[in-house]
Amino acid sequence: MRRTRKLVAVGCVCAVMAMGTTVFAMPGATSLVTVAPRTEESAPSNDTEQTQNETTAVPETQALPEETVKAAQEPEKAEGMAVEGTTANKVTVGAASLTAASNVSVKAAGPEGTVSQAAVQMAAASPTKAPSPYKNVAVSQVNGDDDYVNIRDAASTDGEILGKIYNNCAATIEETVEAEDGTWYRIHSGSVDGYIKAEYFVTGEEAEELALKIGKMFGYVEEGGLRVRTEPTTESDIITTLWAGEKYTVVEQADGFVKLSLGDDDDGNAVTGYVAEQYVQVYVKFDKAISLEEEQEMIAEAKRREEEAEAAKKSSAREAVVAYAKQFIGNPYVWGGGSLTNGTDCSGFTRGVLGHFGYGLSRTSSAQSGDGRQVPLSSVEPGDLIFYASGGRIYHVALYIGGGRVIHAIDEAHGIGISSMYWTTPYCAVDVMG
């Protein structure tokens, strides 16, 4: 089996027709990302290997850094959370879609701005219930046809709209404000800071429960040489090893192990495996709000992508026409004929080639000049028709194939062939494919 790697990619729509992603760590994670999904307690399982000079040593224990121990002794410092980073957004315009992704992180108060695994474990063992990491985190619950709610610059429906947040997006609550029409939150989500009615959010344990259903769960490998096994036990076979800094989609967590998706094998079959959870940061990513300005930029970019896709589609169609026409090079010219194989004249050739692709043309070259949209000779594209005239009267037509050349039924001496577009002075050009 080929060893595979699969990096995490995120991108979901939220806020003003677009959404971003925000990472919220949950209890059970190790230091770099703060909050990870809760799992059942299990005995530590050393399942890493370190290789140096072709030798392997498996550590029996791992010493905790001094600041981590200090965090474990002061779990109350892990109450606050703040979202920071940029978004991963997607917006659809017509048939085109745009995704732009980048890293996001969440920090909590404590040593180096993180909550350590040891702190979470000690808090869980304490008789006093540890504060929920979702104390200041809210998940939007919006119902209605629009499926979003406005973020305003004041705790009032008269406030200026700064952005929008769609259903199942995450935000950090900065302040609770009691107004005449009810409770409002001052929130931070994505790049937007503003006010939104509290009735559109859930918090605390309800938000945590919802997070596990709507969030996207990923695992960040902390320990180099981390063994991946076929089953959630250290006695099962080793599939491969992972290295520090790699990221994978989490399939599930159970009994002190994390099941990761590792990509596909050579036959296209999905590969999964289990790693010891203490060596993987498990975190959840949510969608979040973006500003009105960001939305407009994304819509413009999506439109540009759509136009590029349409141009590529058109280019492909034109290339197909040229390729089809070239099949008949060398076949005979017959005045008044319409057979691409047994003989045709100039207008019969262009009519037969473009007719194969569903473009109906008139029978004569003069009439074909009125079958499409006239274009400048300086900007012709493959598949356009080039006409030639004498005294203002059109007498010949050819198919432009690019590079200043045309393919046409030339005459009885030459049959169907390729020549310069300027074998004689062209009179006009017409696009019948546009």
Checklist entry - Taking 4.0 angstrom as the limit, do Asp158 and Arg152 come out as a salt bridge? => result no
Item to check | Shortest non-hydrogen contact between Arg405 and Tyr400, atoms and distance | outcome: O-CD1, 3.2 Å
Checklist entry - Which residues pass the side chain to side chain donor-acceptor pair (under 3.5 Å) test with Glu308, sequence neighbours left out? => result Arg304
Item to check | Basic-acidic side-chain contact under 4.0 Å: Glu301, Arg305 | outcome: yes
Checklist outcome for this item: In terms of heavy-atom contacts, Val430 and Ser369 come closest through CG2-O, 3.3 Å
Next on the checklist: Could you check whether any side-chain heavy atom of Val432 comes within less than 4.5 Å of a side-chain heavy atom of Thr350, counting everything from C-beta outward?
Outcome noted: no
Checklist entry - Does Arg373 have any side chain to side chain donor-acceptor pair (under 3.5 Å) partners at least two apart in sequence or in another chain, and if so, which? => result Asp431
Next on the checklist: Any donor-acceptor pair under 3.5 Å linking the side-chain atoms of Thr233 with those of Glu235?
Outcome noted: yes
Item to check | Electrostatic pair Asp345:Arg363 at N-O distance under 4.0 angstrom | outcome: yes
Next on the checklist: Please find the pair of heavy atoms, one from Val250 and one from Gln253, that lie closest to each other, and give the distance.
Outcome noted: CG1-CG, 4.3 Å
Checklist entry - With a 4.5 Å limit on heavy-atom distance, are the side chains of Leu340 and Tyr324 in contact? => result yes
Checklist entry - Which atoms form the tightest heavy-atom contact between Lys326 and Ile418, and what is the distance? => result CE-CD1, 4.4 Å
Checklist outcome for this item: Closest non-hydrogen contact found for Ala207 with Val202 is CB-O, 3.5 Å
Checklist entry - In Å, rounded to the nearest 0.5 Å, how long is the span from CD of Gln368 to CD1 of Ile394? => result 10.0 Å
Checklist entry - Distance only, no hydrogens: is a donor on one side chain within 3.5 Å (strictly under) of an acceptor on the other, for Asp371 and Ser362? => result yes
Checklist entry - Excluding sequence neighbours, so at least two apart, what forms side chain to side chain donor-acceptor pair (under 3.5 Å) with Trp423? => result Tyr388
